[in-house]
There are 2 protein chains.
Amino acid sequence: MVKRTSFEGDACPIARSLEAIGDWWSLLIIRDALFGVRRFGEFQSKLGMAKNILSARLRSMVDHGILETAPASDGTAYHEYVLTPKGRGLFPILVALRQWSEEFDDHPEQITTILVDRAKGRPVKKLELRAEDGRLLSQPDTMVKLRPASRRRSA
Amino acid sequence: MVKRTSFEGDACPIARSLEAIGDWWSLLIIRDALFGVRRFGEFQSKLGMAKNILSARLRSMVDHGILETAPASDGTAYHEYVLTPKGRGLFPILVALRQWSEEFDDHPEQITTILVDRAKGRPVKKLELRAEDGRLLSQPDTMVKLRPASRRRSA
DNA sequence: TCCAGTGGTTGCATAATGAAACTATGTTGC
DNA sequence: GCAACATAGTTTCATTATGCAACCACTGGA
């Protein structure tokens, strides 16, 4: 192996995101964190994962600015892990993963939950990609373009 | 290790999707496949990954119904890997990953490409999650509900 | 002060990853 | 038709990552 490939310097934004969250556990930790889980032991028991792995993942996500540590909200001297805005920004990715399973899973009957609009209790719509002018876009309607050299910051 | 944890029987659709594509390489392979890459060697040279790993990933994604093999379109006796509808359905996940990097990456200047609307050449809008009635939803506006026991199929 | 609970770390076994070498076909130039 | 090269893998081996279990430090409560 020599070393597991890193995508850190890669120009592709997808590779760059996988660098931070592209492992088996990170997105599940985020999922639970969005659900309100904050404490080490709570993550550990809900996810059923080894404590050393959890420890490593939490540290990595803190390093990436996805989580941050804060004093425990229950007054004890312990601390907890809370999502940063960057971490909360992962929500659409989780929704996209969920909707993909809902649409294409070979055993959809094993999926026991649905994501609903809290106000109405009704299922949410599929994520939509739209053009600036509001047209609904699917993959063939899009392309990846080289970004025009961004304006150099002064000096 | 005993065995890397599998999410196969998990009820959570996010865990289930990670079972299929939650590793370092799969989504990058899909990204290139959406771009039109079809041949083993083309994946290998574009991604710069080891051939044995690529081989294992392609096999796994074929098993998961994300890719399928087809006779080569150039008339040779080789075959190629093409996305199934299930595979093309991963597009929103890739868009979500891209947009997350674009919004939160610590070094956004290293991202050299943008996703544009092919017709206009203009950047696409952010993915939007909406309620049935069209209201824009963010994470706190949603909740996960137990699915009502789905109608048992006859007999 | 003792004891349980919380939040880790350490050590060890095994699985996954990666580079390089090797193999088996397919293709091409002659 | 055959040598040489390209394609698409597989195999081997070294190294890293993961997982379990045991251990440890600190906290909080009785």
Side-chain angles (χ1 to χ4, degrees), chain A residues 1-10 15 18-29 32-33 36-64 67-82, chain B residues 1-10 15 18-29 32-33 36-64 67-82:
Chain A
M1 209 215 235
V2 172
K3 178 70 173 185
R4 199 236 230 100
T5 307
S6 161
F7 306 127
E8 204 178 343
D10 201 299
L18 293 175
E19 176 71 22
I21 52 157
D23 64 273
W24 280 94
W25 290 110
S26 292
L27 283 172
L28 295 177
I29 293 170
D32 281 8
V37 173
R38 294 158 161 256
R39 297 287 283 264
F40 186 94
E42 209 179 349
F43 284 114
Q44 204 264 320
S45 63
K46 287 218 178 202
L47 290 167
M49 66 190 292
K51 288 160 55 153
N52 54 344
I53 307 294
L54 175 58
S55 179
R57 288 288 160 271
L58 289 171
R59 195 189 341 272
S60 161
M61 289 198 285
V62 169
D63 289 347
H64 277 96
L67 294 170
E68 60 189 2
T69 54
S73 49
D74 61 1
T76 64
Y78 298 113
H79 68 275
E80 34 186 53
Y81 297 90
V82 298
Chain B
M1 206 215 234
V2 173
K3 178 71 173 185
R4 195 228 236 119
T5 306
S6 161
F7 305 127
E8 202 179 343
D10 201 297
L18 292 176
E19 175 71 22
I21 52 156
D23 65 274
W24 280 93
W25 290 110
S26 291
L27 284 172
L28 295 177
I29 293 170
D32 281 8
V37 173
R38 294 159 161 255
R39 295 286 284 263
F40 184 94
E42 209 179 349
F43 284 113
Q44 203 265 320
S45 62
K46 287 218 178 200
L47 290 167
M49 66 190 292
K51 290 159 61 153
N52 53 344
I53 308 294
L54 175 58
S55 177
R57 287 289 160 271
L58 289 172
R59 197 191 337 272
S60 161
M61 289 199 285
V62 168
D63 289 348
H64 277 96
L67 293 172
E68 59 189 1
T69 53
S73 49
D74 62 359
T76 64
Y78 298 114
H79 68 276
E80 36 188 52
Y81 297 90
V82 298

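Throughout, a chain's letter reflects where its sequence line sits, starting with A, and its residues are numbered from 1.
- Residues A:K51 and A:F40 share a closest heavy-atom pair of O-CZ, 3.6 Å.
- In this structure, A:W25 reaches the D:dG19 phosphate: one of its side-chain N or O atoms is under 4.0 Å from OP1 or OP2.
- For the residue pair A:Y81 and A:L67, the shortest heavy atom distance occurs at CB-CD1, 4.5 Å.
- Atom CD1 of A:I53 and atom P of C:dT10 are 14 Å apart (whole Å).
- A:I29 places its CD1 atom 11 Å from the P atom of D:dT18, with the value rounded to the nearest Å.
- Atom NE2 of B:H64 is separated from atom CZ of B:R57 by 10.5 Å, given to the nearest 0.5 angstrom.
- Residue A:L54 contributes atom CG, which lies 18 Å from atom P of D:dA17 at whole-angstrom precision.
- Between B:R59 and the phosphate of D:dT10, there is a side-chain N or O to OP1/OP2 separation shorter than 4.0 Å.
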Hey, what are the protein-to-nucleotides 28-30 of chain C N/O distances that come in under 3.5 Å?
none

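- With C:dA16, D:dG28, D:dG19 as the candidates, the nucleotide lying closest to the side chain of B:R57 is C:dA16.
- Using bins of under 30°, 30° to 60° and over 60° for the plane-to-plane angle, the ring pair B:F7/A:W24 lands in the tilted bin.
- In this structure, CG on B:D32 lies 13.5 Å from CZ on B:R38, to the nearest 0.5 angstrom.
- Smallest separation of non-hydrogen atoms from B:A15 and B:D10: CB-CG, 3.8 Å.
- Closest non-hydrogen pair, A:S26 versus A:A20, comes out as OG-O, 4.2 Å.
- The two residues B:M49 and B:Q44 have their closest heavy-atom pair at O-NE2, 2.9 Å.
- Put simply, CG on B:L67 is 15 Å from P on D:dA8, counting in whole angstrom units.
- For a distance-only test at 3.5 Å, the side chain of A:N52 fails to qualify as a donor-acceptor partner of the base of C:dG8.
- Nearest heavy atoms, B:W25 versus B:I53: CD1-CG2, 3.8 Å.
- Distance, B:L58 CG to C:dT17 P: 14 Å, rounded to whole Å.
- The distance between atom CE of B:M49 and atom P of D:dA8, rounded to the nearest whole Å, is 15 Å.
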Distances under 3.5 Å only, N/O to N/O: pair up the protein atoms with those of nucleotides 2-7 of chain C.
residue : atom : partner : partner atom : Å
C:dG5   : N2   : A:Y78   : OH           : 3.0
C:dT6   : O4'  : A:Y78   : OH           : 3.4
C:dG7   : OP1  : A:R39   : NE           : 2.5
C:dG7   : OP1  : A:R39   : NH2          : 3.1
C:dG7   : OP2  : A:G41   : N            : 3.1

